[in-house]
2 protein chains.
Amino acid sequence: MKIQELADLMGLTPHTIRFYEKEGLLDSRHIQREKNNYRNYSDEAIERLRLIKKFQGIGCSLAELKTILQDHDMNTRTNQEVIEWILQKINEIERKKEEYDHMLVTLNWMLTYRKLLNDDPQQAEAMMAELRVRMNF
Amino acid sequence: MKIQELADLMGLTPHTIRFYEKEGLLDSRHIQREKNNYRNYSDEAIERLRLIKKFQGIGCSLAELKTILQDHDMNTRTNQEVIEWILQKINEIERKKEEYDHMLVTLNWMLTYRKLLNDDPQQAEAMMAELRVRMNF
DNA sequence: CTAAACTATGAAGTGAACTCTAAGGCAAGC
DNA sequence: GCTTGCCTTAGAGTTCACTTCATAGTTTAG
């Protein structure tokens with residue numbers, strides 16, 4: 001399979017696939033060279049890219065992925081270690097969600113204030129005064 | 001007020017404050033030059049940086065902030081426009097939260113599988129087979 | 001008076017994940 | 001046989017929000 005074919009199949013660009021190779025996420029199991037030096041991809045390449053996408057989907061950086069794939073290839077990690085890694089990832093994501101919740105709290109206050117400003121400007125000013133104290137805003 | 005004083009007050013570095021100036025987030029209302037060419041900050045600068053922090057806290061980029069501050073300075077936006085902007089921001093953040101929820105679903109499946117692998121490897125394999133179909137994993 | 005601490009400037013570096021460019025080789029359709 | 005459109009490479013550019021660097025002038029504490 002040539003690079004464009006694989007790219008279309010996986011919804012990537014040839015650039016990106018070559019970039020992954022350069023970053024060490026693909027190796028000789030996935031790519032062989034034809035005599036014209038074109039890359040020829042095996043079916044394993046498809047599996048590999050699927051795996052990459054899956055882990056990207058759970059918020060892994062390419063650097064992290066490189067380690068994960070190495071461990072995966074060499075069967076380095078015990079089940080317990082993988083479980084701990086997953087728990088840590090879950091934690092990470094939950095912290096990020098909390099950050100967004102903070103943003104939403106602020107935005108909702110702003111929204112309440114702005115809506116009040118339409119209906120009852122005086123009360124809006126009172127609210128703003130309180131907010132200034134409570135939120136340093 | 002000199003730059004270090006302002007930086008300490010706001011929890012920023014002098015570098016960052018100069019950077020904001022270069023980016024056009026601060027102007028002559030906030031900064032004057034003394035005869036030795038040192039920057040002298042007015043109290044308005046404090047308010048300005050507070051505003052910047054607040055909007056950064058709700059996920060605004062500096063580019064976006066530049067527009068927001070311009071509108072703020074010139075009183076360009078109507079209340080209704082601001083309300084719509086807030087609603088859009090809320091939407092944006094909720095979409096990002098949903099993305100994280102997707103990640104969490106995947107991670108929790110992975111976790112369940114790995115835990116099962118300890119206790120009941122056969123059932124774990126059955127689960128994996130089903131996951132492969134359902135999640136393309 | 002001197003040394004430390006502060007100020008100024010412009011430019012380059014960081015990291016993540018691509019994305020694009022330039023310059024050229026190979027292949028398939030007309 | 002010529003054009004179009006793949007393919008190759010190394011390396012630079014992109015975006016964001018700073019951060020660091022190099023160099024030099026100014027102020028202040030002892």
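Letters A, B, ... mirror the listed sequences (proteins, then strands); counts begin at 1.
The B/T13 side chain lies nearest to D/dT19 when the options are C/dA27, D/dA17, D/dT19.
The pair A/E92-A/R95 does not count as a salt bridge, with every side-chain nitrogen at least 4.0 angstrom from each carboxylate oxygen. Ion pairing between B/E21 and B/R39 holds under the 4.0 Å rule for side-chain N and carboxylate O. Salt-bridge annotation for A/E64 and A/K89: present, with a side-chain N of the basic residue lying under 4.0 Å from a carboxylate O of the acidic one. With salt bridges taken as basic N to acidic carboxylate O contacts below 4.0 Å, none links B/D8 and B/K2.
Rounding to the nearest 0.5 Å places CG of B/L117 at 10.5 Å from CE of B/M127.
Phosphate proximity of C/dA16 to A/Q56: absent, as no side-chain N or O sits under 4.0 Å from OP1 or OP2. Residue A/R18 places at least one side-chain N or O under 4.0 Å from the OP1 or OP2 atom of D/dT8. For A/Q4, no side-chain nitrogen or oxygen approaches OP1 or OP2 of C/dA27 to under 4.0 Å. Close to C/dG25, at under 4.0 Å from its OP1 or OP2, lies no side-chain N or O of A/N37. Residue A/Y20 has a polar side-chain atom (N or O) positioned under 4.0 Å from OP1 or OP2 of C/dC18.
Straight-line distance from the NZ atom of B/K2 to the C1' atom of D/dT27: 6 Å, rounded to whole Å. The NE2 atom of A/H15 sits 9 Å away from the P atom of C/dT21 (whole-angstrom rounding). At whole-Å resolution of the value, CD in A/E23 and P in C/dT19 are 13 Å apart. At whole-Å resolution of the value, CD1 in B/I3 and C1' in C/dA8 are 9 Å apart. For B/I52 and D/dC18, the CD1 to C1' distance is 14 Å, given to the nearest whole Å. Atom CD of B/E64 is separated from atom P of D/dT15 by 16 Å (rounded to the nearest Å). Straight-line distance from the CZ atom of A/R39 to the C1' atom of C/dG25: 14 Å, rounded to whole Å. In this structure, B/L12 atom CG and D/dA17 atom C1' are separated by 12 Å, rounded to whole Å.
Between A/N36 and B/F19, the residue whose closest nucleotide on DNA chain D is further toward the 5' end is A/N36. Comparing A/T16 and B/R33, the nucleotide of DNA chain C nearest to each residue sits closer to the 5' end for B/R33.
Among the heavy atoms of the strands, none lies under 4.0 Å from B/E5.
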